[in-house]
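Report on the following structure.
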Amino acid sequence: MSGAGGVYTVREDWYARVTIVVAFIALLLGGVFGVLQVVSRTPYWPNLYELLARIGLSSSADELYYRGLTAHGVLLAVVLTTFYIVGLSAYLTPRVLGVNIKPVLLNVSLAMMVVGTVLAAIAIVLGWANVLYTFYLPLIGHPFFYLGAALLILGSWVFAAGVFLAFLEWRRTNPGLGIPVPFFGILTTFIVWIMATTPLVFIVLKNHIPASILGWSADVLETRLFFWWFGHALVYFWLVPAITLWYYYVPKVLGVLLFSEIIAKVAFALFILASTPVGLHHQFTDPGINPYFKYIQTVLTLVVASPSMLTAFNIIATMERGGRARGGEGLLGWLFKQPWRDPVYLGLILAFITFGNGGITGIINASYQLNNVVHNTAWVVGHFHTTVGTAVALTFMVYTFLLLRELYGRELILKNLTPAVPLLWFTGMMIFSIAYYVAGLEGAPRRTSDLTYGGLIPAEWILPLQIGAMGALVFAVGGLIFLVQFFGSLTIGTRIPITQPATLMLNPHPPGKATILDRISLLIIAAIVLNILAYSGALIELYGRGLQPVPPLLP
Ligand code: HAS
């Protein structure tokens, strides 16, 4: 099949088809664990883990809860996102650039990622790694868990190498041309990913794998410092592809140009610069780190929040431009002229609006003082379900309605139900998140198997947690409809000829001349310098004081 510039996309499309199917298998399994969890930890609702323990799945409901929570977090926050993002990028890269990704890199990457996922899944499903998706030491899991995670990440690095090589090839044949916005998004995604995962790979090799295989002791604060150096940048690895799809699809459907291509590129550049040097905002309550270093990273956190605000402005201005071009008048008339009947558009905008909810709570989390109120409470659960759980996951789901036709060559089944997916997900998530914010502000904790505290649960927690659980069931129904449509279309959907990629991915912005923003190497150097500045103080403090290793502990 030929695409932009006559490029053949057979290998990339095969890779994308497989990885996106794996991503949605993860959504299916992770979703089941999510439902089990929310029902079981809602006060006065049945504890499903107790029933499962009674039929012999484990000796204790508590153990099953942590096993389920590990599975839920790893499947959704790691497997769903990573597999979807590499798949989407494999699909977009040749279409936007007109350059192929080297097939050998696609094959090696896929093999490593799948083997890694299977190894980690074995460890989690058998209850050998109840360490949650943050796997803080000294809690320790089976070596399969860490080796699997390492393979998954290294496999994605191999894919990233393919994207970078394709970019260099494009740059060689297009000197002086600005990078097309959708590809700028992909490039940003993988630059952030490599910068994020480098500290993680270092600490997993230094501490987790020796602790797991040889029982070596490790320093807890050192592990957490490197984990969060990765952990916050990770969220922009999830977010940037979603933003890329908003930038691509919103103007395309409205038939107008993006309000500002420069603002879009500035936003991506800021993500490259400031995604990684901010992890200390997850460690405000950790002792042993000088508050000055935490303050520096608080400021940088506000810097990394700014590209999201630029995105908000750019998308809303594009919507207004499109609405007015379609006849919308007055202050808000343009809102009624949006193509709301297009379920993909509707879903992307609902995901975008939900990001407003999650983003604002992120700013609250990032405040040194307010973080003390919300840290480790249900509030944080509300925050990440609106960000990664909706801004990202809902964007990926609704965009897949298009990919079913354009990538898999299948007609969507149960078409009339399609708008229900974004509407139920959005409504359920709003109820869930707001109720969990309220519960969190009342002090309800996250990550505890017994929320009733042996019958001593404060009355203020009960109603919000129950309302939140109802919201969760609403968005779970939306997710179920999506999964039925996705897997159903793949198996019984009518086969259709695949649209020419060139028409699907026609770039609404013909790229202009390169500017300073297209000097990717400068951005990378500046980002590395910023990381050194932001982290050197905390590292000198940590290593200067001397490590205090403790032996690993089985959960
Ligand atoms: Fe976060 C914890 C701070 C963004 C994910 N975050 C988490 C965790 C996850 C997560 C998973 O400072 C939990 C980790 C764990 O297990 O412990 N986060 C932020 C900040 C931002 C932020 C400042 N987070 C994200 C994104 C995520 C994500 C994006 C996933 C994709 N987060 C924190 C902090 C913690 C944290 C602390 C630690 C908490 C603790 O104590 O444990 C910012 O990047 C957010 C900027 C975004 C905005 C929103 C812009 C508005 C938009 C839409 C506007 C729409 C409108 C509607 C107005 C400022 C884009 C228009 C209407 C129409 C009709 C069109």
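Values in this document were obtained by computation on a predicted structure and should not be read as measured data. Reckoned from all heavy atoms, side chains included, excluding hydrogens, waters and symmetry mates. For the single chain, residues carry numbers from 1 onward in sequence order. We count ligands from 1, going down the list as the structure has it; atoms in each ligand are counted the same way.
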For the residue pair [X] and [Y], establish whether any side-chain heavy-atom pair is separated by less than 4.5 Å.
X	Y	value
Met397	Leu394	yes
Ile124	Tyr133	no
Leu29	Val79	no
Phe268	Val181	yes
Phe384	Val235	no

Do me a favour and list the nearest non-hydrogen protein atom to [atom] with residue, atom name and distance?
atom	result
atom 50 (C) of ligand 1	Ser308 O, 3.9 Å
atom 42 (O) of ligand 1	His375 ND1, 3.1 Å
atom 60 (C) of ligand 1	Phe355 CD2, 3.2 Å
atom 52 (C) of ligand 1	Ala312 CB, 3.6 Å
atom 48 (C) of ligand 1	Gly359 CA, 3.5 Å
atom 57 (C) of ligand 1	Ile353 CG1, 3.9 Å

Polar proximity ligand 1 side, [X] side, N/O cut 3.5 Å exclusive:
X	value
Trp238	no
Tyr133	yes
Tyr136	no

Counting only heavy atoms not in [X] (residues, nucleotides, ligands), do more than 12 fall under 6.0 Å from its [atom1]?
X	atom1	answer
Phe313	CZ	no
Phe336	CZ	no
Glu460	CD	yes
Tyr292	OH	no

Tyr236 near ligand 1 by a heavy-atom separation under 4.0 Å
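Flag set, Tyr236 near ligand 1.
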Heavy-atom contact check, 4.0 Å cutoff: does Thr311 meet ligand 1?
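Contact check Thr311 vs ligand 1: negative.
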Taking 4.0 angstrom as the limit and counting only heavy atoms of [X], give me the atoms of ligand 1 inside it, by number and element.
X	value
Met309	59 (C)
Ile316	61 (C)
Met319	65 (C)
Thr301	23 (C)
Val388	30 (C), 31 (C)
Leu239	29 (C)
Trp228	14 (C), 15 (C), 17 (O)

Closer than 2.8 Å to atom 1 (Fe) of ligand 1, what protein N/O/S atoms do you find?
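Near atom 1 (Fe) of ligand 1, below 2.8 Å, one finds His383 NE2.
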Hey, does the side chain of Thr318 reach the backbone of Leu258 with a donor-acceptor pair shorter than 3.5 angstrom?
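Answer holds: no.
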Give the single entry among Phe313, Phe352, Phe271 that approaches atom 53 (C) of ligand 1 most closely by any heavy atom.
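It is Phe352 that holds the nearest heavy atom.
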Option with minimal heavy-atom separation from atom 15 (C) of ligand 1, where the choices are His282, Arg446, Arg447, His281:
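Among His282, Arg446, Arg447, His281, the closest heavy atom to atom 15 (C) of ligand 1 comes from Arg446.
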Step by step, work out the ring pair (Phe, Tyr, Trp, His ring centres under 6.0 Å) result for Trp229 and Phe226.
CA-CA 5 Å; Trp229 200 343; Phe226 279 91; 5.6 Å; yes
Testing Asn314, Thr311, Thr395 one by one against Trp246 for a side chain to side chain donor-acceptor pair (under 3.5 Å), which residue passes?
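One option only clears the test, and that one is Thr395.
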Name the residue from Tyr345, Phe426, Trp425 that meets the side-chain contact (heavy atoms from CB on, under 4.5 Å) definition with Leu350.
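The option that passes is Phe426.
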Where does Asn371 meet ligand 1, judged by heavy-atom distances below 4.0 Å: at the side chain, the backbone, both, or neither?
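The answer is the side chain of Asn371.
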Tyr368 contact mode with ligand 1 (heavy-atom cut-off under 4.0 Å):
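No part of Tyr368 comes within reach of ligand 1.
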Would you compute the distance between atom OH of Tyr84 and atom CG of Leu27 and round it to the nearest 0.5 angstrom?
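Those atoms lie 11.5 Å apart.
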Minimum heavy-atom distance Ile140-Pro552, with the two atoms named:
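Taking every non-hydrogen atom into account, CB-CB, 3.8 Å.
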For the student: nearest non-hydrogen atoms of Leu270 and Ser306, plus distance
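What the structure gives for the nearest pair is CD1-OG, 3.9 Å.
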Salt bridge (charged side-chain N to carboxylate O under 4.0 Å, His left out) pairs, two or more places apart, involving residues 303-314
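The answer is none; no pair qualifies.
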